[in-house]
Amino acid sequence: MEENGMTNPEREAETAQPAAPDLGKFKSVDALLRAYAELESEFTRRSQRLKELEAGSDPKNGSGQSQTAGAPDGGEELYRAVMENERVRARVLGDYLGSLKGVPLMAGTGTGVTAPAAKPASIAEAGKLALGYFQNK
């Protein structure tokens, strides 16, 4: 036994520095902690964004519709894309007009939809139709 009651191996274990942990690409523990904090904040942002998208709302305006920069009512880019595609524009317009109640439908040429032609079965019916036509004009 040596002084202080310690053996040589015990003294060596006490004075030996602990092995430095392998930090991979990081040069110091501080750099590793900074990178972890940045990663954690990015993960939190993405998780919140995913939650908002799943709930059907957009954090940009809170109404579920994304606001496009420079467009007061939003959707400027979508509007341009629709206006450039004739088929999409016709379909959107047709769907909209079809959803309206009480509005006369228009054909693709802008003319009104006419009633089917009445075909009389006899000369007497033809006379009544002609008389009704002349009285209404």
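Because the structure is predicted, anything quoted here is derived from the model rather than measured.
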Item to check | Pair Glu42 + Arg45, salt bridge at N-O below 4.0 Å | outcome: yes
Next on the checklist: If I take atom CG from residue Leu78 and atom CD from residue Glu76, how far apart are they, to the nearest 0.5 angstrom?
Outcome noted: 10.0 Å
Checklist entry - With a 4.5 Å limit on heavy-atom distance, are the side chains of Arg80 and Glu77 in contact? => result yes
Item to check | Arg91 atom CZ: more than 12 heavy-atom contacts under 6.0 Å | outcome: no
Next on the checklist: Working to the nearest 0.5 angstrom, can you tell me the gap between Thr44 OG1 and Arg46 CZ?
Outcome noted: 11.5 Å
Next on the checklist: Between Glu38 and Arg34, does any NZ, NE, NH1 or NH2 come within less than 4.0 Å of an OD or OE carboxylate oxygen?
Outcome noted: no
Checklist outcome for this item: For Phe26 and Ala35 the tightest heavy-atom approach is CE2-CB, 3.4 Å
Item to check | Atom CG of Leu50: over 12 foreign heavy atoms under 6.0 Å | outcome: yes
Checklist entry - What distance separates Phe43 CZ from Tyr36 OH, expressed to the nearest 0.5 Å? => result 10.0 Å
Checklist entry - Should the pair Glu125-Lys128 be classified as a salt bridge under the 4.0 Å nitrogen-to-oxygen rule? => result no
Item to check | Closest contact, heavy atoms only, Pro120 versus Ala126 | outcome: CB-N, 3.5 Å
